[in-house]
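Source: prediction; values computed, not measured. Both backbone and side-chain heavy atoms feed into the values below; hydrogens, waters and symmetry mates do not.
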Amino acid sequence: MGRGKLRIYLGAAPGVGKTYAMLSEAHRRVERGTDCVVAFVEHHDRPRTEVMLHGLEQVARRELEHRGSVLTEMDVDAVLRRAPAVALVDELAHTNVPGSRNAKRWQDVEELLAAGIDVISTVNIQHLESLGDVVESITGVRQRETVPDEVVRRADQIELVDMSPEALRRRMAHGNIYKPDRVDAALSNYFRPGNLTALRELALLWVADRVDEYLQRYRSEHRVSKIWGSRERIVVGLTGGPEGRTLIRRAARLAEKGAGGEVMAVYISRSDGLTAASPKELALQRTLVEDLGGTFHHVVGDDIPAALLDFARGVNATQIVLGSSRRKTWQYVFGPGVGATVARESGPDLDVHIVTHGQVAKGRGLRGARGARLGRVRIAWGWVMALAGPVVLALLLNGVDLGLANDMLLFLALTVAAALLGGLLPALASAALGSFLLNYYYTPPLHRLTIADPKNIVAIAIFVSVAVSVASVVDLAARRTHQAARLRAEAEILSFLAGSVLRGETSLEALLERVRETFAMDSVALLERRSDVDPWTCAGRVGADRPLQRPEDADVDMPVGDHMALALTGRVLPAADRRVLAAFAAQAAVVLDRRRLQEEAARARPLAEGNRIRTALLAAVSHALRTPLAGIKAAVSSLRSEDVEWSEEDRAELLAGIEDGAARLDHLGGNLLDMSRLQTGTVTPLIRGIDLDEVVPMALVGVPEDSVELDVPETLPMVAVDAGLAERAMANIVENAVKYSPPGEPVLVSASAIADRVEVRVVDRGPGVPDEAKDRIFEPFQRHGDAPRGAGVGLGLAVARGFAEAMGGTLNAEDTPGGGLTMVLSLRAAGPAPAHQGARPDQGRTEGADHGPAPLGPERAAAPVHPERQVS
């Protein structure tokens, strides 16, 4: 009996319909006469899913006792005894109850498959083991139940069950996924629109990768070499020349014209691993293609056109982009060139684009491999061996008769030794001197430069040719070895630089010290100036105490742009080292710019926070001035009127109104004083660790009784806020919610901890706000469409958001499930959240959190703000 087949329904999140789709497939198979049973399906009290179980045979579950409770799991033995054709097994990543046959349900499924039973199962994208860290960073929740990726990859069929985040949230709000008491918490935490969108993208990309794998495997198994244009894949052939960037950009434009286009840049090097291409240029081109969303590939092949075509057909490419040849006209005598060959051999299913550029017919301009040096001492010893060695050998052979053949081999050995030490020129000199000595001393007639026997002429000629050939090969190998060692060292240095960029290191002095150590210099300095006429200034230096005044004073200077240079003292560097030095110089400029940007951001951050506070306070004060002034003016005008005779009770009521308005103005005067202090920069928010239950009740002073329900657990961590600003923001939000809630429907104020933040949710059951207006309600002077003019000028929520952002928090609006609007105030936690909802640890209270009055905290009873739900 063969192995069973596995079919998996993959979803982005719970509730998308995986189990429903699996049961629908089971019904279709049963109708076709297939023996199909339910081995384990959990309907989670969802009515529609439960109905789908009717009419399907279910294998009885196995009961297990764990910690005093009786739990059920799939009975693997019962399913194996039943031996159906197809078994339905829900939740592939599930962890079995301790004492079960296997630790994981996917292991149970493996047993069923090994027994020849086909299995249909379900799994969510967040349960894949390789995506655990990614999902945690998105949702803030670590998935404890995971399934190895390889188990899912081996599935014979993977079907994506997709649903938009909006539709999934609607299903949640209607109670089709979780019970009503869990809906609000789920919508505000795991089932946020951003979380669902990110998880959906993960699922789509993962399935798309599997489709690519299946397609490539099918093409390989069936030996399909023909291009299948399922989507545009454009291969860019790079030579390492400067025209590569032009080709990459042209390919990117071609890819944008078709849906799902992909750019793949490929550089082909010869099999000996040696190339004249510029590593710096290739690195720039790699960065460019990756920035444009493509990929970079390095392929080894001696036949460049064949290697390029093999790569294109292997990745199922539809187009190849090549640059016009840089060869000069006379160089075409050696062949048609790579572009013409690729175009001729590409066939009808692969388009080839030849792109013109600025380097056409200008020559390759690439440095050859002979630029590597062997060192002066080594070359000197090579010349000693080439000139003195044959003479010494001739003197030694004068007393011994070994025969002409052996004499030639000895002189050949000297030539090889000269090539190993000094390279080609000493070897050629050794071959010439050796052939002269062989002719003069050992070829009849002796001591004459003539050769009597023609066979000896052939022998001498062969000796010279072999000596020259061997010397060339040995010299080339020695130079290649030296070049490879040098390139390895350069690669290590460039790898260090790339690593420092990825790690975000910003220490300029550490980088300059690395330059000094790498090139064995006395000092290194980064000089800069504002313009061509301004003096040079030192941005950073290491090494000797004597500072450099300008790049011309250094032994080596490397320009970085127009007004910056890296200056080194100690010795003169060879030209071959300047390529790596240029990379160091560019990195030094980047580090300097990054450090300055960080410093500017640090200076701008408190200014921006102060500006937000000033703006919010000014808006609040200007808005609140109108009501008390209008009341005072009306009361005074009434008292001064001679047309009306006021009773003592009426006069007392008007005077009380004047007194109340004056008190409110006095409080606003204090706010204005605080505003002036903010403008001078002498006051900043006092961020301290505060308990929410000390802030929220104070914010409810100005709202009617029984209009608000509180759900603020005592186990929440403290929040890092300014107590006065937090109270004012909360009051504005709650008053806005109470204003729009229908009679008899109290506003719910709840709080919960999520990762390192605490969220306060103010939930009302009012008319709500359309999605397109949710951002506008926080803009100043915006009122709800049918709000009366006397309801305020539309600053309440703007002030609340300004205060929230000043304290490092956020304020956003969401729909309330079932109708209404939910304001979500997210604040930074002052310490770690309590584990397992236990009592708050002492270390949660930061030093100095005395809960005293905040310097900018206006009292709600003295100066109420009348917020509006603002929509233009």
Side-chain angles (χ1 to χ4, degrees), residues 184-185 188 616 620 624 663-664 667 670-671 685-741 744-754 757-766 796-797 799-801 803-804 806-807 809-811 816 821-831 833-834 837 839-840 844-846 849-867:
D184 286 347
S188 61
R664 297 173 65 182
H667 184 74
N671 283 343
L686 180 58
I687 304 297
R688 305 178 297 177
I690 299 289
D691 283 321
L692 273 180
D693 52 14
E694 299 180 19
V695 175
V696 175
M698 296 298 297
L700 306 182
V701 173
V703 298
E705 294 183 2
D706 302 328
S707 62
V708 176
E709 291 183 0
L710 285 181
D711 182 14
V712 181
E714 296 181 357
T715 56
L716 287 176
M718 292 187 293
V719 291
V721 297
D722 182 299
L725 296 185
E727 178 188 332
R728 186 66 169 269
M730 279 296 305
N732 289 1
I733 299 170
V734 172
E735 288 182 5
N736 184 79
V738 170
K739 177 181 178 181
Y740 282 91
S741 288
E745 289 285 348
V747 172
L748 173 63
V749 179
S750 63
S752 60
I754 301 175
R757 304 189 73 83
V758 174
E759 282 192 353
V760 181
R761 306 179 70 84
V762 180
V763 183
D764 68 57
R765 296 292 178 176
L797 294 182
V799 171
R801 174 173 274 190
F803 287 162
M807 296 182 292
T810 60
L811 178 60
T816 300
L821 192 69
T822 298
M823 290 292 177
V824 183
L825 176 63
S826 177
L827 302 171
R828 291 183 293 111
Q837 298 299 319
R840 182 183 300 107
R845 298 183 179 272
T846 57
D850 56 2
H851 305 288
L856 298 181
E859 296 182 4
R860 289 293 304 121
V865 178
H866 301 283

Residues forming a side-chain contact (heavy atoms from CB on, under 4.5 Å) with Ala751, sequence neighbours excluded: Leu692, Val712, Leu716, Val760
Any Leu725 side-chain heavy atom under 4.5 Å of Val721 side chain: no
Closest heavy-atom pair and its distance - Pro717, Ala829: CG-CB, 4.3 Å
Spacing of CZ belonging to Phe803 relative to CD belonging to Glu727, to within rounding of 0.5 Å: 11.0 Å
With Thr822 via side chain to side chain donor-acceptor pair (under 3.5 Å) - residues at least two apart: Thr816
Test side-chain contact (heavy atoms from CB on, under 4.5 Å) applied to Leu825 and Val762, step by step: CA-CA 8 Å; Leu825 176 63; Val762 180; over 6 Å; no
Distance in Å, Leu748 CG paired with Asp764 CG, rounded so as to fall on 0.5 Å steps: 10.5 Å
Heavy-atom closest contact (Ile687 atom, Asp722 atom, distance): CD1-N, 3.8 Å
Value rounded to 0.5 Å, distance of CE in Met698 from CZ in Arg728: 13.0 Å
Min side-chain heavy-atom separation Ser826-Glu759 under 4.5 Å: yes
Contacts of type salt bridge (Lys or Arg N to Asp or Glu O under 4.0 Å), residue Arg757, not counting sequence neighbours: none
Polar side-chain atom of Arg801 near backbone of Leu811 as donor-acceptor pair, under 3.5 Å: yes
Met807 and Val719, any side-chain heavy atoms less than 4.5 Å apart: no
Test log, rule side-chain contact (heavy atoms from CB on, under 4.5 Å), inputs Met718 and Ile690: CA-CA 5 Å; Met718 292 187 293; Ile690 299 289; 5.9 Å; no
